[in-house]
Novice: 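Submitted below is the structure of interest, expressed as structure tokens.
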Amino acid sequence: NMSFNPFPIGTQLQLVTCFGEQFTGEVVTYEHSVKMLMLRYRSKDSKSATSHNHCIVNLDYCKDLTIIQEAKATAEHQPEPPAPINVQRLDHRLQQSMEQRARLMHTRSERGTPRGRQLFQLLSKHFGPTELAWKHNKIMVLQQLTIVPPYRMCHIFGAKRSPKLLHYVQRLVKQLDEQAA
């Protein structure tokens with residue numbers, strides 16, 4: 001479906017986003033269905049004339065757009081159109097980002113004591129934050145062990161299912177006690 005493209009590849013634009021960001025550059029691609037424009041612009045930081053950055057702008061979030069120069073479309077110098085924007089990939093990245101934030105929220109507890117939060121951080125380094133969770137003021141480890149306040153050796157429960165895990169977690173609790181001493 002080759003519909004009218006208001007921003008052919010190579011068109012020089014200046015635009016200002018509703019966040020106050022200003023870009024001046026050349027259109028790399030425009031995806032009409034999602035109003036996404038990819039712009040290549042000179043890097044302000046680099047001294048090199050060949051150093052460019054790219055930005056993707058949603059035109060719904062533009063407050064000003066000026067066409068500086070129309071693209072020169074000659075038969076022998078027609079630029080190769082880039083691949084269309086992969087909206088599914090962008091959706092997947094957004095989903096992953098939201099899941100990562102949700103996991104980070106699991107690492108926070110308003111009810112955990114400072115020692116509990118310290119222990120949670122120490123356990124996170126060994127097991128990774130996805131294997132730990134707060135359940136009120138209790139720390140859940142690999143969904144097998146529960147550590148309750150005040151988070152000492154004798155406050156680790158669920159050991160019958162996994163004695164090796166218990167021993168490992170006890171060593172980490174002891175390590176925390178030694179650091180505090």
Novice: Measuring from atom CD of Q175 to atom CD of Q170, what distance do you get when rounded to the nearest 0.5 angstrom?
Specialist: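 Going from the CD atom of Q175 to the CD atom of Q170 covers 14.0 Å.
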Novice: Taking atom types as modelled, is there a side-chain donor on H54 or Y41 under 3.5 Å from an acceptor on the other?
Specialist: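 Per modelled atom types, H54 and Y41 side chains form no pair under 3.5 Å.
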Novice: Do other residues, nucleotides or ligands put more than 12 heavy atoms under 6.0 Å from Q143 CD?
Specialist: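 No, CD of Q143 has 12 or fewer neighbouring heavy atoms, counting only those of other groups under 6.0 Å.
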Novice: Establish whether V57 and V16 are linked, either directly or via other cluster members, by ILVMFWY side-chain heavy-atom contacts under 4.5 Å.
Specialist: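 V57 and V16: separate clusters.
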Novice: As an exercise, state the distance from CG of L59 to CG of L65, rounded to the nearest 0.5 Å.
Specialist: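 Atom-to-atom, L59:CG and L65:CG are 6.5 Å apart.
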Novice: Does K164 offer a backbone N or O that forms a donor-acceptor pair with the side chain of H167 under 3.5 Å?
Specialist: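 It does not hold such a pair.
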Novice: Under 4.5 Å between any side-chain heavy atoms of P150 and H155, yes or no?
Specialist: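 P150 vs H155: side chains touch.
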Novice: Atom CD in E21, atom SG in C62: separation rounded to 0.5 Å?
Specialist: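 One finds 10.0 Å between CD of E21 and SG of C62.
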Novice: Rounded to the nearest 0.5 Å, what's the gap from CD on Q118 to OG1 on T113? Could you check?
Specialist: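 If we round to the nearest 0.5 Å, Q118:CD and T113:OG1 are 8.5 Å apart.
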Novice: Does D177 form a side-chain contact (heavy atoms from CB on, under 4.5 Å) with R115? I'd like the steps, not just the answer.
Specialist: CA-CA 10 Å; D177 290 338; R115 178 187 165 82; 2.8 Å; yes
Novice: Contact between T146 and V141 at the side-chain level, heavy atoms closer than 4.5 Å - yes or no?
Specialist: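 Contact flag for T146/V141 side chains = no.
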Novice: When you measure from the side chain of R40 to the backbone N and O of G25, does any donor-acceptor pair fall under 3.5 Å?
Specialist: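 Absent.
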Novice: Has H126 got more than 12 heavy atoms of other residues, nucleotides or ligands less than 6.0 Å from its NE2?
Specialist: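 Result for NE2/H126: enclosed.
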Novice: When hydrophobic residues are tied together by side-chain contacts of less than 4.5 Å, even through go-betweens, does L37 share a cluster with F23?
Specialist: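 L37 clusters together with F23.
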Novice: Is any side-chain heavy atom of N58 less than 4.5 Å from a side-chain heavy atom of V34?
Specialist: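 N58 does not reach V34 side chain to side chain.
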Novice: Between V169 and F127, is there a side-chain heavy-atom distance shorter than 4.5 Å?
Specialist: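 Yes, at least one pair of side-chain atoms sits under 4.5 Å.
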Novice: Okay, side chain of S124, backbone of F120: is any donor-acceptor separation there less than 3.5 Å?
Specialist: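 The answer is yes, because a donor-acceptor pair under 3.5 Å joins these two groups.
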Novice: Using a 3.5 Å distance criterion without hydrogens, assess whether the side chain of T17 forms a donor-acceptor pair with backbone atoms of F19.
Specialist: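 Flag set: sc T17 to bb F19 pair under 3.5 Å.
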Novice: Can you tell if the side chain of F7 reaches within under 4.5 Å of the side chain of L13, non-hydrogen atoms only?
Specialist: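 Sidechains of L13 and F7: in contact.
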Novice: Please round to the nearest 0.5 Å and tell me the distance separating atom CG of L39 and atom OG1 of T29.
Specialist: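 Those atoms lie 11.5 Å apart.
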Novice: Are L15 and I68 linked, directly or through other ILVMFWY residues, by side chains that come within less than 4.5 angstrom of each other?
Specialist: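 No, because L15 and I68 fall into different hydrophobic clusters, even though each may have its own neighbours under 4.5 Å.
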Novice: Taking atom CG of N137 and atom CZ of R117, what is their separation to the nearest 0.5 Å?
Specialist: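 It comes to 11.0 Å.
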Novice: L165 versus L142: any side-chain heavy-atom pair under 4.5 Å?
Specialist: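 With C-beta onward as the side chain, the pair touches.
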Novice: For residues Y168 and L166: do they belong to one hydrophobic cluster (side chain heavy atoms under 4.5 Å, members Ile, Leu, Val, Met, Phe, Trp, Tyr)?
Specialist: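 Result: yes, single cluster for both.
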